[in-house]
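To keep things clear, I will list the structure first and then write my remarks on it.
Below, read A as the first sequence line, B as the second, and so on, with proteins coming before strands; counting in each chain starts at 1. Worth saying up front: this structure is predicted, and the values here are computed from it rather than measured.
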Number of protein chains: 2
Amino acid sequence: MPSDPPGFELPIRLLLGFRVLIDELHAELARQGHPDLRPMHGFVLQAIMRGSDTAVELGRTLGVSKQAAGKTIETLERLGYVERACDPRDTRRKIVRLTAHGTDSLVRSERVFDELRARWAEVIGPQRLRELEADLRKVTPPDLFRLDVPGWFGAQ
Amino acid sequence: MPSDPPGFELPIRLLLGFRVLIDELHAELARQGHPDLRPMHGFVLQAIMRGSDTAVELGRTLGVSKQAAGKTIETLERLGYVERACDPRDTRRKIVRLTAHGTDSLVRSERVFDELRARWAEVIGPQRLRELEADLRKVTPPDLFRLDVPGWFGAQ
DNA sequence: TCCATACAGTCGACCAGGTTGTCCACCATG
DNA sequence: CATGGTGGACAACCTGGTCGACTGTATGGA
């Protein structure tokens, strides 16, 4: 009967696993025409695509202030991933939309993630990978897109 | 035969798993007398305990500049987790040591991590948990303590 | 109809934690 | 004993958060 590892290994392995996948994703995205996309931009673009179309809404989804969301939108606008337009029905609001470049990055990310998952399946076996995902689903919150991730790690 | 989930679920589950563990650790640490310890401080204290006893050495271990390591040490010194003393054999060096408070936080972290791991084992089964850890070991770098994590997520 | 309130966005000040560059004091070697 | 490498500190800067204050635009109730 195998002995259990110390408890601190588990969170570190989870973080390293995340890092490996995200690092490889962004190395590949850089090769495919998206060299200045940062890890967190992916989450932001996902949130925008899924309907967070204003700074306030995006801030709520990501768990940051509307000002922080506004700054991130500004960055992504400067990089050409999103564009802003006025809402004709409520002139206070500015609607954020993905550009073709932004959509392209998400399409490519999706494909790369699938490829990376297939590589993991080769290493640990497809059945074990499905079990790993199923097990993680049991111990993590159900909502995939409520990450609260920006500024979480070092934040106050 | 079950169908595979989209590839992007895997990294998010890994990150969420990490977050769940770290959030619960720090909630418990706050209850046990360490309310102002931040997630990344744990990694820094670990690195110090494992022998990174100067700013330069700590920076090398954590993958950041010596200046950044120095700032972090300053913060932990202000919070009472480490103390600095001059090296009598090399007056340039300032040795960083854990205080009793710092050691206490690591001892408690270890215990809490073990408890959290036991809770996961109850949910998904001890054998499945060991398999999960073994599988992650196959797809992540071997060195647990070379995280390069400070400033990684949003960094340039 | 008008006014009070709610709300979207922006600006400014601040902070944390990273970076690079520079400098100084010290050690170690030839 | 000069010289090169090293540990630490300082300054300037960047990013990406925070909060508070302010503007302008709905919107619903008196």
So, is A:R84 near the phosphate of C:dT10, with a side-chain N or O under 4.0 Å from OP1 or OP2? yes
Do NZ/NE/NH1/NH2 and the carboxylate oxygens of B:E9 and A:R137 come within less than 4.0 Å? yes
Measure CG/B:L79 against P/C:dG17 and give the value in whole Å, please. 9 Å
With a 4.0 Å limit, can you tell me whether B:T54 has a side-chain N or O closer than that to the phosphate oxygens OP1/OP2 of D:dG7? no
Any donor-acceptor pair under 3.5 Å between the side chain of A:R92 and the base of C:dC7? yes
Whole angstroms only, please: what is the CG-C1' distance between B:D53 and D:dG8? 14 Å
Taking A:R119 first and then A:E122, would you say they form a salt bridge - that is, a charged N and a carboxylate O separated by under 4.0 Å? no
So, is B:S65 close to the C:dG18 phosphate, meaning a side-chain N or O under 4.0 Å from OP1 or OP2? no
Just the rounded figure in Å: distance from C1' of D:dT15 to CG of A:L76. 14 Å
Rounded distance [0.5 Å steps], CH2 in B:W120 versus OG1 in A:T140: 7.5 Å
Identify which nucleotide among D:dA9, D:dT18, D:dT25 has an atom closest to any side-chain atom of A:Q67, counting heavy atoms from C-beta outward. D:dT18
Base, sugar-phosphate, or nothing for A:K94, non-hydrogen atoms under 4.0 angstrom? sugar-phosphate
Whole-Å gap separating C1' (C:dG18) and NZ (B:K66): 16 Å
Does the side chain of A:T72 get closer than 4.0 angstrom to OP1 or OP2 of D:dG17 through an N or O atom? yes
Quickly, which of A:R60, A:R84, A:R97, A:R93 forms a salt bridge (charged side-chain N to carboxylate O under 4.0 Å, His left out) with A:D53? Name it, please. A:R93
Out of C:dG9, C:dC7, D:dC10, which has the shortest distance to the side chain of A:R93? C:dG9
List the steps, then state whether side-chain hydrogen bond (donor to acceptor under 3.5 Å, both in side chains) holds for B:D104 with B:H34. CA-CA 9 Å; B:D104 179 74; B:H34 298 281; 2.7 Å; yes
Among D:dG17, C:dT10, D:dA9, the nucleotide that comes nearest once only the side chain of A:V64 is considered: D:dG17
Residue closer to the 5' end of DNA chain D, A:R89 versus B:I95 (nearest nucleotide): B:I95
In whole Å, what is the span from the CZ atom of B:F43 to the P atom of C:dG18? 13 Å
How long is the line joining CG of A:D90 and P of D:dG24, in whole Å? 16 Å
Specify the residue among A:R78 and A:P88 whose closest nucleotide of DNA chain D lies further upstream toward the 5′ end. A:R78
Taking CD from B:E74 and P from D:dG8, how many angstroms apart are they, rounded to a whole number? 13 Å
So that I can tick it off, tell me whether A:E77 and A:K94 are bridged by a salt bridge, with the cut-off set at under 4.0 angstrom between side-chain N and carboxylate O. no
Using whole Å, what does the distance between atom P of nucleotide D:dT18 and atom CZ of B:R38 come to? 13 Å
Looking at C:dT19, C:dT10, D:dG7, which one has an atom nearest to any side-chain atom of B:K71? C:dT19
Between A:T75 and D:dT15, is there a contact of a side-chain N or O with OP1 or OP2 at under 4.0 Å? no
D:dA26 phosphate, OP1 or OP2, under 4.0 Å from A:T91 side-chain N/O: yes
